[in-house]
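Protein chains get the first letters and strands the later ones, always in sequence-line order, with residue 1 at the start of each.
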Amino acid sequence: MDHAIPPHYFERDALTVAHDLVGVTLLLHDTGGVIVEAEAYDHTDPASHCFAGRRTPRNASMFGPPGHAYVYRSYGVHWCLNFVCGRDRSGHAVLIRALQPVMGIEIMQQRRGAVPERRLCAGPGNLTQALGITGELDGKPLTAPPFKLVARPSHVEVVSGTRIGLTRGVDSPWRFGLAKSRFVSRPF
DNA sequence: CTATAGATAATCT
DNA sequence: GATTATCTATAGG
């Protein structure tokens, strides 16, 4: 029996949610898989878009209600998917960085081109391309279609490390992954 | 396998 | 005008 993720799941700080999301299954329409890599960001974090509570048109949904998506464009090219969380709308979010493909693998392969399955959803930009995620989903609730989230198994071994691709906040170990997974964007 | 270089254009100052 | 929560190709071990 599948257990859906309840809305209050996201009413916690980004670090806690990022840790707990490892092993959760993320589905969008008929594609998706198991979250094997996620990173936490919040308003105390120099690497975050909403550091010190700074608001811009782009990051508006990061200050919106928890349990919703924050989708932004990275390097002007790639879409990146975040889960907004926190209890006080102060700017907590978790960047989904990699999935272990489970559902709709052929569809995702068509969208991504000829890449090995272990690279299909490895990296935030690759993941959104595989699932067909665009800015249209920014601000949409994660607890309603087209999203579906399924709770993880009871025993999941989670590892942590420093985040990827940053110039600030480089030492914070706010990257979480599924131990020994070969679907992560980079080894831990 | 790891490391680095270059492309790329939206976003922000 | 500068920066960037990335990606791919390429060179080297």
Side-chain angles (χ1 to χ4, degrees), chain A residues 10 13-22 24 26 33 35-64 66 68-86 90-101 108-140 142 159-188:
Chain A
F10 298 99
D13 63 276
L15 260 110
T16 305
V17 175
H19 184 281
D20 285 1
L21 277 173
V22 175
V24 168
L26 164 65
I35 297 172
V36 296
E37 185 181 343
E39 288 179 351
Y41 294 85
D42 69 31
H43 60 291
T44 69
D45 171 16
S48 174
H49 290 164
C50 60
F51 178 50
R54 205 163 69 74
R55 294 170 188 254
T56 68
R58 175 178 65 171
N59 70 14
S61 54
M62 213 170 156
F63 292 101
H68 289 231
Y70 168 40
V71 181
Y72 71 92
R73 222 203 265 272
S74 176
Y75 286 81
V77 190
H78 307 100
W79 295 107
C80 290
L81 172 67
N82 295 253
F83 293 174
V84 177
C85 48
S90 59
H92 286 243
V94 175
L95 172 66
I96 310 302
R97 286 194 55 91
L99 303 180
Q100 174 177 341
M108 295 194 288
Q109 282 173 333
Q110 286 173 6
R111 291 172 176 155
R112 287 271 296 124
V115 299
E117 193 170 317
R118 52 193 302 167
R119 298 265 170 265
L120 204 52
C121 303
N126 291 334
L127 178 161
T128 55
Q129 184 183 18
L131 270 58
I133 292 171
T134 71
E136 292 183 5
L137 291 172
D138 184 43
K140 294 290 197 307
L142 302 166
V159 293
S160 65
T162 54
R163 296 172 295 180
I164 291 179
L166 307 182
T167 59
R168 298 185 290 182
V170 294
D171 293 327
S172 300
W174 293 350
R175 175 178 179 236
F176 301 93
L178 181 63
K180 292 173 289 212
S181 173
R182 53 184 210 287
F183 297 95
V184 295
S185 66
R186 290 178 56 178
F188 278 77

How would you label the contact of [X] with the nucleic acid (heavy atoms, under 4.0 Å): base, sugar-phosphate, or nothing?
X        : answer
A/Pro187 : sugar-phosphate
A/Asn126 : sugar-phosphate
A/Leu166 : sugar-phosphate

Return no unless some side-chain N or O of [X] is found under 4.0 Å from OP1 or OP2 of [N].
X        : N      : value
A/Arg112 : C/dT8  : yes
A/Arg54  : B/dT13 : yes
A/Arg97  : C/dT6  : yes
A/Thr56  : B/dT11 : no
A/His78  : C/dC7  : no
A/Thr167 : C/dT4  : yes
A/Asn59  : B/dC12 : no

Practice item. Output, in order, the C-alpha distance, side-chain angles, deciding distance and verdict of side chain to side chain contact (heavy atoms under 4.5 Å, CB included) for A/Val94 and A/Asn82. Key: CA-CA 5 Å; A/Val94 175; A/Asn82 295 253; over 6 Å; no

Spacing between [X] atom [atom1] and [N] atom [atom2], to the nearest angstrom:
X        : N      : atom1 : atom2 : result
A/Ile164 : C/dT6  : CD1   : P     : 8 Å
A/Tyr75  : B/dA7  : OH    : P     : 15 Å
A/Arg55  : B/dC12 : CZ    : P     : 14 Å
A/Arg118 : C/dC7  : CZ    : P     : 16 Å
A/His49  : C/dA5  : NE2   : C1'   : 5 Å
A/Arg58  : C/dT3  : CZ    : P     : 15 Å
A/Arg186 : B/dT2  : CZ    : C1'   : 9 Å
A/Arg73  : C/dT6  : CZ    : P     : 15 Å

Check your understanding: Of A/Arg168 and A/Ala122, whose closest DNA chain C nucleotide lies nearer the 5' terminus?
Key -> A/Arg168

Check your understanding: Looking at A/Tyr72 versus A/His49, is the centre-to-centre ring distance below 6.0 Å?
Key -> yes

Complement of [N], any strand, by Watson-Crick or G-U distances under 3.5 angstrom:
N      : value
C/dA5  : none
B/dT13 : none
B/dT8  : none

Practice item. With the side chain counted from C-beta on, respond yes when A/Trp79 and A/Ser74 share a heavy-atom pair under 4.5 Å apart, and no when they do not. Key: no

Review point. Hey, are the side chains of A/Thr56 and A/Asn59 touching, using non-hydrogen atoms and a 4.5 Å cut-off?
Key: yes

Check your understanding: Going by atom types alone, do A/Ser185 and A/Glu37 pair a side-chain donor with an acceptor below 3.5 Å?
Key -> yes

Review point. So, A/Asn126 and A/Arg119: side-chain donor and acceptor under 3.5 Å apart, yes or no?
Key: no

Study note, to complete from the structure: From the candidates C/dT6, B/dA10, B/dT8, the one with an atom nearest any side-chain atom of A/Val77 is B/dT8

